[in-house]
2 protein chains.
Amino acid sequence: MAKEGAGRARPGRSPVPAGRRSRPRQAEVAQLAGVSQATVSLVLSGRDEATARPISEETRRKVLQAAQTLGYVPDPAARRLAAARNNLLGVFSFTATFPTDVRHSYYPFLVGVEQEAAVQGYDLVLFTGSSAGGADAAGAGALNRVRLADGCLFLGRHAPSPELARLVRDGFPVVHLGRREDTEGVAWVGADYISASRDVVTALAEAGHRRIVLVREDDDAPASTDREHGFLDGLRAAGLPAGPAAVFRTADPHTEVTAARVRAWHEDGVTAFVAEETDTGAAWRALRAAVDAAGLRCPGEVSLAVLGSPPPDLVNEPVPMGFDIPRARLGAEAVRLLSALIAGEPTESTLVACTFRAGVSSGPPATA
Amino acid sequence: MAKEGAGRARPGRSPVPAGRRSRPRQAEVAQLAGVSQATVSLVLSGRDEATARPISEETRRKVLQAAQTLGYVPDPAARRLAAARNNLLGVFSFTATFPTDVRHSYYPFLVGVEQEAAVQGYDLVLFTGSSAGGADAAGAGALNRVRLADGCLFLGRHAPSPELARLVRDGFPVVHLGRREDTEGVAWVGADYISASRDVVTALAEAGHRRIVLVREDDDAPASTDREHGFLDGLRAAGLPAGPAAVFRTADPHTEVTAARVRAWHEDGVTAFVAEETDTGAAWRALRAAVDAAGLRCPGEVSLAVLGSPPPDLVNEPVPMGFDIPRARLGAEAVRLLSALIAGEPTESTLVACTFRAGVSSGPPATA
DNA sequence: CTCACGCGTTAATGCGTATTAGGTAATGCG
DNA sequence: CGCATTACCTAATACGCATTAACGCGTGAG
């Protein structure tokens, strides 16, 4: 216990510590200026003018002077304790926030989160997961640690509903990054995949395509179902067939989306393909590879599009049609929502629009 | 200033707040468990056994149970004020931690930082606003917020010495990621650029090169000077001329490192070139371009090396000779050092070795 | 049967700041 | 000149937790 030394260094009652250790506090500034601690607080927090609590120029000067001389800086812990809020926003991801495998990194979101947090005057607490007891020990209360912040942002699709619901029920401000339907009462900020996907289909339809197929993976996260939903919406809106044949769903795109299959589709009248965007980009990769292997030229013979962005390692390839998810904006929006929740203001979960990207992978269908 | 409102939500003396808002405190846990607040503190801080202040199994059980039920978590500010630990490590960068321009991202460091922090049982507090607010506006107290954490990690070369020194003087645990010589007493963890650079030169010398030129930018950060230092060391160790002619320093490599100049060097007997690694990779880019433009084959006619890694957008190019900086390890090492500082253990700043990378950009010099 | 003592728990403080309810001297008003 | 204002400040207290002095209660020794 001798380690805690830095703390208990001032036994006496005198405002001036013996060993001239530790930084000055308001009491010392007060003594030097010949006023009370309360006055120092008033002057330094600039709260006098604001609250119609007048302080004479003379006093203000003395206090500022004294503070300057002593090099006073407020203790953030004390300040936050007194304010009953600590200006901390939690960020909790159910995998490492900084994965070594950069594929499903939260980086783009964090860009916006950090920026907006700074604007709102918050610092961020990144919960490392182990502190919360690890995913395994995830019994009741695994997420309790996040309560040390004023509110918390959750990332990732695997957020356990009951735990989140518990936090919400206790009145703890929570925002989930990504749309949720399952957890009642959890606020969220999501990308509008439905509209964005519909727009892509519309663009293809307007270019003249009559048969379009969606290649998607075998996942039921809202991010996936929303895309399919929007895709089918788009077909119907264009008066195109939106039956089951329009969607090809597979757990293993790499082996299931073959050149033969693509060729068959093409001969059957399909002139455009759309792939879902996922962490791995498997659907898009498979589709591209298959089209290539089938010897079909793009966008000459078939048009392609991604419902999102291509995986980062393909940035140097020709830009495909699709849409861009404004990740930084999503992050910022989430922080804004959380901030409002904390302030007790009325709030509403938000959908953020994606921006259509024409790209060069699509054109009019080859005239038969 | 109506925002502060959220704070004073509990006027009464009752430990249980009216609006079921706000996090539970020890007093509420105590009430539920039927004991006093002090007992709760003793049990939860596990300080009973340690201080020979025994608590009955029965009581301990009740308290833990109550805490669990309420989802209690200690208020970090209050803990700090009471001179205890938070299990919070600060991370402070002097530019945005998550820059939009990914070039000088701290991401690779953070990977290690996060992981090691998790191992050591810490959560991370990302102090924002270093970018916003402006260094001036934030002023003297800008770094002060970090005192909320148990210790703080600083990233970036622009850390203001006096502020850091002050923290150190006050006994606050601080670790800087990157070697420092200027600030007395600040612990740091850095990469051993000197040895790594020397090794590169040694490798070239052993391959038979007699004249080697270093292209570097106009910057005096330790990261740059260390590399030059190691470069010259390597030349001397190999018995090669290490005069001023061996180093070409320019503020604008792009226009100064021309094909003509490279050709001149080559005709003058220079068979190998080494470029410094920087944020932008300007030196390396310029060197490559110039050699290319001069029509010199690499590694046939000239050998090339980077003192570090090539910029991320060139990952698909042939791997150049150089060395890899173990960034994640540096991050982890920094956390370990900080953790030791906090624990009051004796510590020492550390240099971490880089790993040599043979690459394919170097070979024996063309026999004249 | 009283006293010292170990044990388990609580009451009382302190940490540094913000805030609020006064208090005091100077001023205005009639 | 007495009282109500005003203008400035200070005393007191809360914030949530850690810590320490003190208290009540058996119990075994004397």
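Not measured: the values here are computed from a predicted model. So you know, we letter chains A, B, ... as the sequences are listed, proteins then strands, and number each from 1.
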*Return the nucleotide paired to dG30(C): Watson-Crick means purine N1 to pyrimidine N3 with N6-O4 or O6-N4, wobble means G-U with N1-O2 and O6-N3, both under 3.5 Å.*
dC1(D)

_Closest approach to the side chain of Thr59(A), judged atom by atom: which nucleotide of dC9(D), dC17(D), dG8(C) is it?_
dC9(D)

*asked:* Using only modelled atom types and a 3.5 angstrom limit, is any donor from either the side chain of Gln26(B) or the base of dA18(D) paired with an acceptor on the other?
replied: no

*Drop me the distance from His176(B)'s NE2 to Phe154(B)'s CZ, to the nearest 0.5 angstrom.*
8.5 Å

*Sugar-phosphate, base or nothing in reach of Ser56(A), heavy atoms under 4.0 Å*: sugar-phosphate

*asked:* What's Val35(B) touching, base or sugar-phosphate or nothing? Going by heavy atoms closer than 4.0 Å.
replied: sugar-phosphate

*In whole angstrom, give the distance that lies between atom CD of Glu57(B) and atom P of dT9(C).*
11 Å

*Any side-chain donor near an acceptor of the partner, Arg180(A) and Ser349(A), under 3.5 Å*: no

*Rounded interatomic separation in angstrom, taking CD from Gln37(B) and P from dA12(C)*: 13 Å

_All side-chain hydrogen bond (donor to acceptor under 3.5 Å, both in side chains) counterparts of Thr59(B), not counting sequence neighbours_ = Ser56(B)

*By nearest nucleotide on DNA chain C, pick out whichever of Ala38(B) and Asp75(A) is the more 5' one.*
Ala38(B)

*Length of the CD1-C1' vector between Ile55(A) and dA18(C), whole Å*: 13 Å

*Out of dA18(C), dA18(D), dC9(D), which nucleotide sits closest to the side chain of Ser41(A)?*
dA18(C)

*Can you check the Leu44(A) CG to dA18(C) P distance for me, whole Å?*
8 Å

_Nearest atoms (heavy-atom pairs only) where Leu88(A) meets Ala149(A)_ = O-CB, 3.4 Å

*Atom CD of Glu58(A) and atom C1' of dA25(C): how far apart are they, to the nearest Å?*
16 Å

*Among residues two or more places apart or on two chains, list those pairs meeting salt bridge (charged side-chain N to carboxylate O under 4.0 Å, His left out) that have a residue in residues 334-344 of chain A.*
Glu116(A)-Arg336(A), Glu333(A)-Arg336(A)

*Quick one: Tyr72(B) OH to dA18(D) P, roughly how many Å, whole number?*
6 Å

*Give a yes/no on whether any side-chain N or O of Arg80(A) is located under 4.0 angstrom from OP1 or OP2 of dT17(C).*
no

*Rounded to the nearest Å, what distance is computed from the CG atom of residue Asn86(B) to the P atom of nucleotide dA18(D)?*
10 Å

_Minimum-distance nucleotide (side-chain atoms of Leu42(A) versus dA18(D), dT19(C), dT17(C))_ = dT19(C)

*5' precedence on DNA chain D between Thr39(B) and Ala77(B) (nearest-nucleotide basis)*: Ala77(B)

_How many whole angstroms separate atom CG of Leu81(A) from atom P of dG14(C)?_
16 Å

